[in-house]
Amino acid sequence: MAITKKRMRYILDTLQEMFPDAQCELTHSNAFELTIAVLLSAQCTDKKVNEVTKDLFKKYKSPWDYLNVPLEELEHDIKRIGLYRNKAKNIRKLCESLIENYGGEVPRTHEQLVELAGVGRKTANVVVSNAFGVPAIAVDTHVERVSKRLGIARWKDSVLEVEKSLQHLIPKDEWTITHHRLIFFGRYHCTARNPKCSECPLLDICREGQKRVKVAN
DNA sequence: ATCCCGAGGG
DNA sequence: CCCTCTGGAT
């Protein structure tokens, strides 16, 4: 493992102080809406997703609603989000599968979720943890970047390897909240471009940050 | 490894 | 202009 549990505890405590109230920022009122929102969120800011789903969720309430309009109409309704053709197609396949296999409901297990069209490991983790209360650590672009910068994972590690490292280092009952805090940390502080290293509480244990601060001076 | 793909920020 | 955004399928 790249770092010790003792160091991880220090990181967890610091993140708790920085973002005590971190939570899912995708607007949703049930598991189905959350699944659609996460599917739409690929390579897109959640802010933009919320703008689109505000109207989308008024128009489409159930899997059947998404199948009752032409594909072009659904594409139009999510067009402001990137990758809209693939996403529209995946939403349709997802809805067909929900109707065919689960009576139109979203299944509750990770194994069932990843079998759905357009739903991968990351999306399944978000759904089970946020909608069904199952501990999970979804590794997205933020969690991956932050974990590697802090030395929680190695630069060459795959997304799955990053997830395993986090699971090993973090107590299970803290997986979900830590996932959200890592997201907030990556989104608002340890950003992809111009991270705020010089004012970071974790600078003392962050090699990457120390390197960046030194280069800047 | 590549493609999808609009929109906002620096 | 270029980079990035709660990825997944091929």
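In the text below, chain A, chain B and the rest are named by the order of the sequence lines, each starting its count at 1.
Between the C1' atom of dC5(B) and the CD atom of Glu75(A) lies a distance of 12 Å, rounded to the nearest Å. Rounded to whole Å, atom P of dA9(C) lies 18 Å from atom CZ of Arg92(A). The distance from atom CG of Asn90(A) to atom C1' of dC4(B) is 11 Å, rounded to the nearest whole Å. In this structure, CG of Asn50(A) is placed 15 Å from C1' of dG8(B), rounded to the nearest angstrom. Taking atom CG of residue Asn194(A) and atom P of nucleotide dG10(B), one finds them 8 Å apart after rounding to whole Å. Atom CG of Leu40(A) and atom P of dG6(B) are 15 Å apart (whole Å). Atom P of nucleotide dC5(B) and atom NE2 of His76(A) are separated by 16 Å, given to the nearest angstrom. Put simply, CZ on Arg121(A) is 17 Å from C1' on dA9(C), counting in whole angstrom units.
Contacts between residues 53-62 of chain A and DNA chain C, defined by a heavy-atom separation under 4.0 Å, are absent.
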Show every donor-acceptor pair shorter than 3.5 Å between a side-chain atom in residues 67-76 of chain A and any protein atom, with sequence neighbours excluded, or say none if there are none.
{"residue": "Asn68(A)", "atom": "ND2", "partner": "Trp64(A)", "partner atom": "O", "Å": "3.3"}
{"residue": "Glu73(A)", "atom": "OE2", "partner": "Lys59(A)", "partner atom": "NZ", "Å": "2.7"}

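Checking Lys48(A) against Tyr84(A), the closest nucleotide of DNA chain B that is more toward the 5' end is the one next to Tyr84(A).
Ionic pairing of Lys211(A) and Glu208(A) is present here: one or more N-O contacts between side-chain nitrogen and carboxylate oxygen are shorter than 4.0 angstrom. Ion pairing of Glu174(A) with Arg181(A) is absent here, as no side-chain N (NZ or NE/NH1/NH2) approaches a carboxylate O to less than 4.0 Å.
No side-chain heavy atom of Ser165(A) sits under 4.5 Å from any side-chain heavy atom of Met8(A). A heavy-atom distance below 4.5 Å is found between the side chains of Arg149(A) and Cys190(A).
Separation of the P atoms belonging to dC3(B) and dT6(C) is 23 Å when rounded to the nearest angstrom.
A search for side chain to side chain contact (heavy atoms under 4.5 Å, CB included) contacts involving Lys47(A) returns Thr45(A), Glu51(A), not counting sequence neighbours. Partners of Leu150(A) according to the side chain to side chain contact (heavy atoms under 4.5 Å, CB included) rule, which considers only residues two or more places apart in sequence or in another chain, are Ile11(A), Val146(A), Ile152(A), Phe185(A), Leu202(A), Ile205(A), Cys206(A). Here Glu105(A) pairs with nothing under the salt bridge (charged side-chain N to carboxylate O under 4.0 Å, His left out) rule; sequence neighbours left out.
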Give me, pair by pair, the N or O atoms of the protein and of nucleotides 4-7 of chain C that are less than 3.5 Å apart, along with how far apart they are.
{"residue": "dC5(C)", "atom": "OP1", "partner": "Arg145(A)", "partner atom": "NH1", "Å": "2.7"}
{"residue": "dC5(C)", "atom": "OP2", "partner": "Thr141(A)", "partner atom": "OG1", "Å": "3.0"}
{"residue": "dC5(C)", "atom": "O3'", "partner": "Cys44(A)", "partner atom": "O", "Å": "3.4"}
{"residue": "dC5(C)", "atom": "O2", "partner": "Gln43(A)", "partner atom": "O", "Å": "3.1"}
{"residue": "dC5(C)", "atom": "N3", "partner": "Gln43(A)", "partner atom": "O", "Å": "3.2"}
{"residue": "dT6(C)", "atom": "OP1", "partner": "Asp46(A)", "partner atom": "N", "Å": "2.6"}
{"residue": "dT6(C)", "atom": "OP1", "partner": "Asp46(A)", "partner atom": "OD1", "Å": "3.2"}
{"residue": "dT6(C)", "atom": "OP2", "partner": "His142(A)", "partner atom": "NE2", "Å": "2.7"}
{"residue": "dT6(C)", "atom": "O5'", "partner": "His142(A)", "partner atom": "NE2", "Å": "3.4"}
{"residue": "dT6(C)", "atom": "O4'", "partner": "Asp140(A)", "partner atom": "OD2", "Å": "3.1"}
{"residue": "dT6(C)", "atom": "O2", "partner": "Lys122(A)", "partner atom": "NZ", "Å": "3.3"}
{"residue": "dT6(C)", "atom": "O2", "partner": "Asp140(A)", "partner atom": "OD2", "Å": "3.4"}
{"residue": "dG7(C)", "atom": "OP2", "partner": "Ser41(A)", "partner atom": "O", "Å": "3.2"}
{"residue": "dG7(C)", "atom": "OP2", "partner": "Gln43(A)", "partner atom": "N", "Å": "2.8"}

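Tyr188(A) and Phe19(A) have tilted rings, their planes meeting at an angle from 30° to 60° on a 0 to 90° scale.
At the heavy-atom level, Ile78(A) lies nowhere under 4.0 Å from the strands shown.
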